[in-house]
Amino acid sequence: MNQKKPHVVLHTGFPPIDNITGLPIEINKSAGIAFSPNPSKGQKVDMYGGMGEETWWDRLFPNRHVHLQAVQVPVIGQSDHPNVDSIISICASTGGLFASYAQYPNTKHCIVSPVIQSEWEEESAFSLLEWVPESPIVLKKASVYWLIIQTPQDSFKWVYSQTNGDSTDELGVAMETESGWVLRADNDPIPSAMIMVQDHQ
């Protein structure tokens, strides 16, 4: 049986070469990007789709889901502590009953990583957060999910992409505020992120 290779389903662009800045991530002020595990098919998506460990039903219909392989996010730490501690979550979506209603992260239905420390190389302007789940995480192809970045303690910045978002795979960017989640304005920059998945073997 051929080994199926991981493939990218979200790539919002690389950080710029200079003038690097980012979206502030603070305690109780997370941020997220919406994405589809199957963006190239152009099929209708279910904003309320499930996720979790692989079940017998998933194994019975393997073409309906993928496994989360890896998440990579560039971040900027504090000057005296360039390495960043963060928690990465993959959450379901919530909102109105109709497709025209705004959708937001459903933080009550998430799969959460342990605390991850970024890898920083000396003289680099940013470091890289990477999460590779130890066990398979099932994402339904016909669903939309949110990649959520949060901090367990110290604030940091989620590096903006050098693109303006016109040609990226993201389906929305949201920021957490004291009054709840708010969506990014169309002309606001988009954080850089890459998500890789693997088809069911």
Side-chain angles (χ1 to χ4, degrees), residues 10-13 15-16 19-36 45-51 68 71-118 125-131 139 143-166 168-195:
L10 174 70
H11 189 201
T12 60
N19 298 322
I20 297 176
T21 184
L23 182 64
I25 305 295
E26 303 172 356
I27 291 290
N28 297 324
K29 291 186 178 180
S30 307
I33 291 180
F35 70 97
S36 167
V45 295
D46 175 12
M47 300 297 285
Y48 307 96
M51 62 185 158
L68 178 66
V71 176
Q72 294 181 346
V73 174
V75 290
I76 303 173
Q78 301 179 7
S79 58
D80 59 342
H81 187 64
N83 287 323
V84 167
D85 290 332
S86 179
I87 297 172
I88 298 175
S89 303
I90 302 295
C91 299
S93 195
T94 187
L97 297 177
F98 303 98
S100 59
Y101 281 49
Q103 301 293 321
Y104 300 94
N106 181 358
T107 53
K108 295 181 179 180
H109 189 191
C110 300
I111 295 177
V112 182
S113 77
V115 175
I116 299 171
Q117 187 172 82
S118 64
F126 59 87
S127 59
L128 186 68
L129 283 170
E130 183 173 28
W131 178 32
L139 302 178
S143 300
V144 167
Y145 300 95
W146 288 84
L147 165 66
I148 304 296
I149 305 299
Q150 61 189 107
T151 177
Q153 184 173 352
D154 297 326
S155 62
F156 61 88
K157 291 182 178 180
W158 182 357
V159 175
Y160 287 131
S161 166
Q162 62 183 345
T163 64
N164 60 11
D166 292 339
T168 69
D169 299 319
E170 57 85 20
L171 300 176
V173 176
M175 289 77 68
E176 186 181 19
T177 69
E178 293 179 356
S179 57
W181 288 90
V182 296
L183 295 178
R184 153 194 175 272
D186 290 341
N187 58 347
D188 286 346
I190 290 180
S192 176
M194 183 163 63
I195 296 178

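None of the values given here were measured: they were computed from a predicted structure.
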>> Quick one, V173 and D188 - any side-chain contact, counting heavy atoms below 4.5 Å?
In response: no
> Going through the distances and angles, do D85 and Q153 end up as a side chain to side chain contact (heavy atoms under 4.5 Å, CB included)?
Replying inline: CA-CA 8 Å; D85 290 332; Q153 184 173 352; 5.9 Å; no
>> I need the S86 OG to Q150 CD distance, nearest 0.5 Å.
In response: 7.0 Å
> Is it the case that more than 12 heavy atoms not belonging to N187 sit under 6.0 Å from its CG atom?
Replying inline: yes
> Within the distance-only criterion (no hydrogens, no angle test), does the side chain of S30 pair as donor or acceptor with the backbone N or O of E176 below 3.5 angstrom?
Replying inline: no
> Looking at P74 and W158, what are the two nearest heavy atoms and their distance?
Replying inline: O-CD1, 3.6 Å
>> Can you tell me how far apart CD (Q72) and CD1 (I195) are? Round to the nearest 0.5 Å.
In response: 10.5 Å
> Does the side chain of F156 come within less than 4.5 Å of I149's, by heavy atoms?
Replying inline: yes
> Does the side chain of T94 come within less than 4.5 Å of W146's, by heavy atoms?
Replying inline: no
> Of all residues at least two apart in sequence or in a different chain, which pass the side chain to side chain contact (heavy atoms under 4.5 Å, CB included) check with S118?
Replying inline: V75, N83, V84, S127, L129
>> On a heavy-atom basis, which atom in I20 and which in F126 lie closest, and how many Å separate them?
In response: CD1-CD2, 3.8 Å
>> A side-chain contact here means heavy atoms from C-beta on lying under 4.5 Å apart; do E130 and I116 qualify?
In response: no
> Should V144 and Q103 count as side-chain neighbours, where that means a heavy-atom distance under 4.5 Å?
Replying inline: no
>> Quick one, Y145 and L10 - any side-chain contact, counting heavy atoms below 4.5 Å?
In response: no
> Out of curiosity, T12 OG1 to Q162 CD, how far, rounded to the nearest 0.5 Å?
Replying inline: 10.0 Å
> How far apart are the C-alpha atoms of N106 and C91, what are their side-chain angles, what is the distance that settles it, and do they pass the side chain to side chain contact (heavy atoms under 4.5 Å, CB included) test?
Replying inline: CA-CA 6 Å; N106 181 358; C91 299; 5.5 Å; no
>> Rounded at 0.5 Å granularity, tell me how far CG in L23 sits from NZ in K29.
In response: 11.5 Å
> Do you know which two heavy atoms are closest between W181 and Y104, and how far apart they sit?
Replying inline: O-CE2, 3.5 Å
> Hey, what do you get for OG (S36) to CG (L139), rounding to the nearest 0.5 Å?
Replying inline: 9.5 Å
> What is the distance from atom CD1 of I87 to atom SG of C110, rounded to the nearest 0.5 Å?
Replying inline: 11.5 Å
>> With a 3.5 Å distance limit and no angle check, can you tell me whether S192 reaches the backbone of V159 through a side-chain donor-acceptor pair?
In response: no
>> Testing the basics here: between W131 and I111, what is the closest heavy-atom pair and its distance to 0.1 Å?
In response: CH2-O, 4.1 Å
> If we only count heavy atoms from C-beta on, is the I27 to T151 side-chain gap below 4.5 Å?
Replying inline: yes
> Got V73 and L147 here, is their nearest side-chain heavy-atom distance under 4.5 Å?
Replying inline: yes
